[in-house]
Amino acid sequence: MKRLGAPRLDPAVFIRANLPISAVPSVPEIQLHTAGPASGLWRLAGRGETDPPPYWAYPWAGGAVLARHLLDQPETVAGRHVLDLGAGSGLVAIAAAKAGAAAVTAVDVDANAIAAIALNAVINGVNIFAVAADIIEAPPPETDVLLVGDLFYDPALAVRVMAFLRRCQAGGIEVLIGDPERAYLPQAQLKRIATHAVADFGATARRKAVQAQVFSLAYNIE
């Protein structure tokens, strides 16, 4: 007789039960379901080669710096349509909604992230349209502002993302990037507009914060 595999977990049920709600370091206005040592996250995230890493379960510095910037400078998105690319937990999307964006869409390739975004939006009292999709090979979306946090951690992905951002810029979309200057961030193509000290996932007790940056795309590249 074939041995049946374990039943698929409902991500929303699992997140509610195993990822406690806590304020985001450096962005205490926002609370998120966040994984801890006892969360048993592997049970939901999977262990196969095609399973996306559970980046959505933690706040990262690029998202934190973008969220901090939007809350401190709400005019950046107030009254505008905003799309958060690689949204993860929804931290940046939630900050945009709190800052007064007219409509916020959060996009991530991981369906578990979409479940987390829905729960986190409710916690923070905001409305976000969340969709599981890979849109970086698609035409530019219908939006005014594109927000991108922590997507320059892999060389191949960084090239694909930057090509997409250039197409969006050419289509009249304002692009803002949050990043703690990771290795594959194409800084020569960017203009720094803000710096904040924020916590990053994996920070040690001795290093509670990193200097992360908010960038726009430069227009003139030599």
Side-chain angles (χ1 to χ4, degrees), residues 6-36 38-46 48 50-71 74 77-136 138 141-151 176 178 199 201:
R8 179 174 174 80
L9 297 173
D10 182 305
V13 172
F14 181 91
I15 291 167
R16 286 194 196 97
N18 296 283
L19 277 66
I21 298 168
S22 59
V24 177
S26 313
V27 196
E29 301 95 323
I30 296 175
Q31 294 187 315
L32 301 175
H33 284 281
T34 304
S39 294
L41 189 60
W42 62 268
R43 290 183 286 150
L44 180 64
T50 61
D51 293 318
Y55 295 134
W56 57 268
Y58 313 93
W60 297 80
V65 73
L66 269 178
R68 184 71 273 155
H69 181 69
L70 297 180
L71 293 173
V77 293
R80 306 175 77 186
H81 288 72
V82 174
L83 189 145
D84 180 12
L85 179 66
S89 65
L91 171 58
V92 177
I94 291 167
K98 282 182 169 286
V104 181
T105 300
V107 178
D108 200 283
V109 298
D110 190 338
N112 291 330
I114 302 308
I117 291 168
L119 295 174
N120 290 331
V122 171
I123 293 167
N124 291 279
V126 297
N127 293 316
I128 294 170
F129 176 68
V131 57
D134 182 352
I135 67 170
I136 61 176
E142 293 290 332
T143 194
D144 301 314
V145 184
L146 183 68
L147 303 172
V148 184
D150 296 298
L151 283 188
L176 294 178
F201 172 67

Problem set entry | Test item: W56 side-chain N/O and N112 main-chain N/O as donor-acceptor pair under 3.5 Å | no

Seminar exercise, completed: The side-chain contact (heavy atoms from CB on, under 4.5 Å) partners of S26 (sequence neighbours excluded) come to V198, A199

For this session: Begin from the C-alpha positions of V24 and L91 and carry the test side chain to side chain contact (heavy atoms under 4.5 Å, CB included) through to its verdict.
Result: CA-CA 9 Å; V24 177; L91 171 58; 4.1 Å; yes

For this session: Examine distances only and state if a side-chain atom of S89 and a backbone atom of Y58 form a donor-acceptor pair shorter than 3.5 Å.
Result: no

Seminar exercise, completed: Residues passing the side-chain contact (heavy atoms from CB on, under 4.5 Å) test with A118, sequence neighbours excluded, are none

Exercise. Does D150 reach the main-chain N or O of G178 with its side chain, forming a donor-acceptor pair under 3.5 Å?
Worked result: no

For this session: Grab the two heavy atoms, one from V82 and one from A96, that are nearest each other, plus how far apart they are.
Result: CG1-CB, 4.0 Å

Problem set entry | Euclidean distance, L41 CG relative to T34 OG1, rounded to 0.5 Å | 11.0 Å

For this session: Say whether, by atom type as modelled, one donor and one acceptor occur between the side chain of N127 and the main chain of F129 under 3.5 angstrom.
Result: no

Exercise. Please, which pairs that meet salt bridge (charged side-chain N to carboxylate O under 4.0 Å, His left out) have at least one residue in residues 58-69, sequence neighbours excluded?
Worked result: E29-R68, R68-D72

For this session: Side-chain contact test, heavy atoms from C-beta onward, threshold under 4.5 Å: evaluate it for L151 versus I136 and give yes or no.
Result: no

For this session: Indicate yes or no: at least one non-hydrogen side-chain atom of I21 is less than 4.5 angstrom from one of I123.
Result: yes

Problem set entry | Side-chain heavy-atom pair L44, I15 within 4.5 angstrom cut-off | yes

Exercise. How long is the gap from CG on L32 to CG on L19, to the nearest 0.5 Å?
Worked result: 10.0 Å

Exercise. Which is it for I30 and L71 under the side chain to side chain contact (heavy atoms under 4.5 Å, CB included) test, yes or no, and what are the steps along the way?
Worked result: CA-CA 10 Å; I30 296 175; L71 293 173; 4.2 Å; yes

Exercise. When rounded to the nearest 0.5 angstrom, what is the spacing between CD1 in I135 and CG in L146?
Worked result: 7.0 Å

For this session: Tell me, with the steps shown, if L147 and L70 meet side chain to side chain contact (heavy atoms under 4.5 Å, CB included).
Result: CA-CA 10 Å; L147 303 172; L70 297 180; 3.6 Å; yes

For this session: Only counting residues at least two apart or in another chain, list the ones meeting side-chain contact (heavy atoms from CB on, under 4.5 Å) with A12.
Result: D10, R16, L119

Seminar exercise, completed: So the salt bridge (charged side-chain N to carboxylate O under 4.0 Å, His left out) pairs with at least one residue in residues 88-114 (sequence neighbours excluded) are none

Exercise. What are the two closest heavy atoms between V27 and A64, and how far apart are they?
Worked result: CG2-O, 3.7 Å

For this session: Before giving the answer on side chain to side chain contact (heavy atoms under 4.5 Å, CB included), spell out for I128 and D84 the whole-Å C-alpha distance, their side-chain angles and the decisive distance to 0.1 Å.
Result: CA-CA 10 Å; I128 294 170; D84 180 12; over 6 Å; no

Seminar exercise, completed: By side-chain hydrogen bond (donor to acceptor under 3.5 Å, both in side chains), N120 pairs with (sequence neighbours left out) none

